[in-house]
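Written below as structure tokens is the structure these notes are about.
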Amino acid sequence: MLELFRDTTIKHAVLAAGQVTPDSSRCVQCGICSYNCPIGIDVRAHALRGAPVQENRCLTCGECILRCPRGVLRFESALPERL
Amino acid sequence: MRRYVIIGSGAAGLAAAETIRRKDASGTIILLTGDRHGYYSRPGLAYYLTGEVPEKQLFPYDRNHIRNLNLLWEQSAVVRVHPAEHQLYLEGAKRVDYDRLLIATGATAILPDTPGISLEGVVKLDNMEDARHILRLARRGATAVVVGGGITALELVEGLAARGMKVHYFLRGDRYWSNVLDEEESRLVENRLTHEGVVLHHHTNLIEILGRGGRVSAVQAQEGDRDLRLNCSLVAVAIGIRPRKNLAAQAGLENARGILCNEALQTSHPDIYTAGDVAEVIDPVSGKPVLDSLWGPAVQMGKVAGGNMAGANLIYRKEIPFNVTRIAGLITTIIGQVGSEPAKTPSENDLTGAIMRGDSEIWRQYPDAVVTQTVGGHNRLRLYVRQATLAGALVMGDQQLSGPIQRIVREKLDIRSIHNMLIAPNAPLSDIITQFWRERQPAHAAFGFV
């Protein structure tokens, strides 16, 4: 695999209190997210429904976010925003 | 009991089937497709080529989901539709009756009439069979030539390079995707490709594909004013797509470049609907029929057409076009009108009146707006600023702002309070947009990274 095609610019900001949240309008159901989940969560199914990954098993490792070629996924704080 | 027939197993066809089944639990739904692989993520084929995802992962639905839809799924080509009789014929003269028909036949790659185009080793990327074909032919260390100017051509370049091929990329003009990207963005993409060993040839036209024993062995091209001959084993072509409207045209349905339809996605025959890449819908802004080839609108159209076939009264409002793609490793979001130069006719991508895959014609309209840009490394933000609204935007690299900008453009939010700041020289666009969005969204987390 060439380095270039994995070099997405998504930040590795892993939030302990974060959850993976999809923007389903960006998703084309390619399945890279589910394929790369180390514990086998079907992230794609969440993206289809536009629902955050609210599974206790989710490690918030960020692998799905990093691999998604269309920027569908991001961490969103599950807590109210501090401003 | 109503009989629904859907032609096409792509995003539009499946969305229609799901919608019909939700509204009509007992009706018969027949899905006819010429694609033996059924429903899979066609945009995902690009990532199958690069090796990021295995083939079986491209199928979003397991057997249970399809079974629960209770479809009669038949792999067969439709030969003819008879609207007055509410009948169609499959290969082998098999007749299928319908009450409501959906034509969602998609689009297919245009192949030029270049001599040698039918040699083994000339490939396109429309469907799973094409992707498999490419992977069978891709040889590490061998040379491939890619011809074409849009997203699919670049996906082919990236896929073949990732498979270890030496890729030569032929561009007809002086830079990549010139009617959507600006000059610097094109150069940024090209530099990244060059860095990965791709050889770019500008102002280059393919003249002939040469073969030995029926297989591609070389190409003859014109590069600027010099002749170019290159030995290669594979030629990948992505010069545009053409809606597959023949069936509809033969049936006497009104058509232009695609199948014409009203806002309910009804064709000129009231019991026949259309959706997806083959449908030519009216753009509410310009009032003109336009084509696009995007996953999101195809799903949306499938839902509207399916709902209406089952008796609902839905309207398809063409939304501001929006697409995300990855070009040379950079995630890029294109929203609304971003034409980088006024539409020229005939342009490279317009040579047959068709469009590119993953493309929308709205992006070609040159908006009456001020263009402003922020650049940081390989991150870029380009905005089309009107007096009170944003007409469009291109977000390349960091995508943190693309969600908010998507909504600012789509919802035509009033930006008069920041208009002058945005068009000031060297304006910090990201900061201005971030602040604007924060002030509008006090109640909850506006951004992912807080």
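This structure is a prediction, so every number in the text was calculated from the model and none was measured. Chain letters run A, B, ... following the sequence lines, proteins first and then strands; every chain starts at 1. All values below come from the heavy atoms of this structure, side chains included, with hydrogens, waters and symmetry mates left out.
Looking at A:Thr21, neither its backbone nor its side chain comes within 4.5 Å of chain B, counting heavy atoms on both sides. Only the side chain of B:Gln406 comes within less than 4.5 Å of a heavy atom in chain A; its backbone stays farther off.
The two residues A:Arg26 and B:Phe322 come nearest to each other via the heavy atoms CG-CZ, 3.5 Å. Among all heavy-atom pairs drawn from A:Gln29 and B:Ser41, the shortest one is O-CB, 3.2 Å.
Among B:Ser402, B:Gly296, B:Pro54, B:Gly44, the residue making the largest number of heavy-atom pairs under 4.5 Å with chain A is B:Pro54.
Considering CZ of B:Arg326 and SG of A:Cys68, their distance stands at 9.0 Å, rounded to 0.5 Å. Taking CG of B:Leu294 as the start and OG of A:Ser25 as the end, the distance is 11.5 Å to the nearest 0.5 Å. The line from CZ of B:Arg42 to SG of A:Cys30 is 15.5 Å long, rounded to the nearest 0.5 Å.
Using a 3.5 Å distance cut-off with no hydrogens or angles, the side chains of A:Arg70 and B:Tyr47 do pair a donor with an acceptor. With hydrogens and angles left out, the side-chain atoms of A:Arg74 and B:Gln399 include no donor and acceptor closer than 3.5 Å.
For the pair B:Tyr48/A:Ile32, no side-chain contact is recorded, criterion being any heavy-atom separation below 4.5 Å from C-beta on.
Surrounding CZ of A:Arg57 are more than 12 heavy atoms belonging to other residues, nucleotides or ligands, all under 6.0 Å away. A 6.0 Å sphere centred on CZ of B:Arg317 holds no more than 12 heavy atoms belonging to other residues, nucleotides or ligands.
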